[in-house]
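Comments concern the structure below.
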Amino acid sequence: MELVIGTKKWSTWSLRPWLAAKRSGLPFTETLVELRQENNMSEAAIRAHSPSGLVPVLKADGLTIWDSLAICEYLAEKAPHLWPKDPAARAMARAAAAEMHSGFQSLRGECPMALEATPKEVSLSPATHKDIRRIVAVWSELLHRFGGPFLAGEWSIADAFYTPVATRFRTYGVRLSDFGDSGAAGEYCQRLLEQPEFLEWEAASK
Ligand SMILES: N[C@@H](CCC(=O)N[C@@H](CS)C(=O)NCC(=O)O)C(=O)O
């Protein structure tokens, strides 16, 4: 399997399936395309791999899979432990990952992942406040329901989807206690940033 990803300090979409691929235990190679190159060079470089013109893509078994959630699902077909075994936990984990995949546009736009940046508190819009409050509510509910340490108990694809969010909260100085966290969400956020796979990605991004 070959996973084609974008620049590690910026590409949130690439980080998610990369974490899942690491946690799958399956062998894979990594091809990195530098984003934001001059003269549309990135676009041409991505197009050489990706029919959608976006990264990540996974090349496996003669297929080119061009969306981060679809890649994670494909990996989970081969490594079922990437989703929780319990159907209720699996359903909730999938809902949490899907909400991240299709939502939180304001947070994404206003707080891009920037692993190279020095963390600094910034003033954020009401729409981003609403996204953060919702994320804290999702995290708090799942951590309470399944007992942690990850969203649906053991680490799952849902945690891959929220790892980029944890970096955004750190980079932009978001204090989760200001958004309804009674402690568990903040601890979970920190836990995501301490996982060895994330630390490997972060070190490589530098
Ligand atoms: N829905 C897609 C979104 C992928 C996406 O937007 N990728 C960005 C990078 S993070 C990209 O390739 N942008 C093109 C560019 O920056 O040149 C997925 O889940 O994989």
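Keep in mind it's a predicted model, so treat the numbers as computed, not measured. For ligands, and for the atoms within them, numbers begin at 1 and follow the listed sequence.
- Nearest to atom 19 (O) of ligand 1 by heavy-atom distance, out of S68, S50, S14, P56, is S68.
- Contact annotation for I71 and ligand 1: no heavy atom of the residue comes within less than 4.0 Å of the ligand.
- Taking a cutoff of 4.0 Å between a charged side-chain nitrogen and a carboxylate oxygen, K8 and E202 do not qualify as a salt bridge.
- Summary of contacts: the protein heavy atom closest to atom 17 (O) of ligand 1 is I46 CD1, 3.7 Å.
- For the pair R16 and W13, the cation sits on the ring face: its NZ or CZ lies under 6.0 Å from the ring centre, inside 45° of the axis.
- With a 4.0 Å cut-off on non-hydrogen atoms, H101 touches ligand 1 through its side chain and not its backbone.
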Side chain to side chain contact (heavy atoms under 4.5 Å, CB included) between Y74 and L63, worked out: CA-CA 11 Å; Y74 182 83; L63 301 169; 4.1 Å; yes

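- Applying side-chain hydrogen bond (donor to acceptor under 3.5 Å, both in side chains) to T7 and the options E34, Q37, E116 leaves one that passes, E34.
- Summarising the geometry, atom CZ belonging to R170 is positioned 14.0 Å from atom SG belonging to C111; distances are rounded to the nearest 0.5 Å.
- The closest non-hydrogen atom to atom 11 (C) of ligand 1, taken over L54, L58, L35, comes from L54.
- From the protein, the heavy atom lying nearest to atom 4 (C) of ligand 1 is V55 O, 3.3 Å.
- For the residues F161, W66, W13, the heavy atom positioned nearest atom 5 (C) of ligand 1 is part of W13.
- D67 OD1, 3.2 Å is the protein heavy atom nearest to atom 1 (N) of ligand 1.
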Can you give me every donor-acceptor pair (side chain of residues 148-162, partner residue at least two apart or in another chain, under 3.5 Å) with its distance?
unit_1, atom_1, unit_2, atom_2, d
S156, OG, A158, N, 3.2
D159, OD1, L151, N, 3.1
D159, OD1, Y188, OH, 2.6
D159, OD2, S156, N, 2.8
Y162, OH, A96, O, 2.8

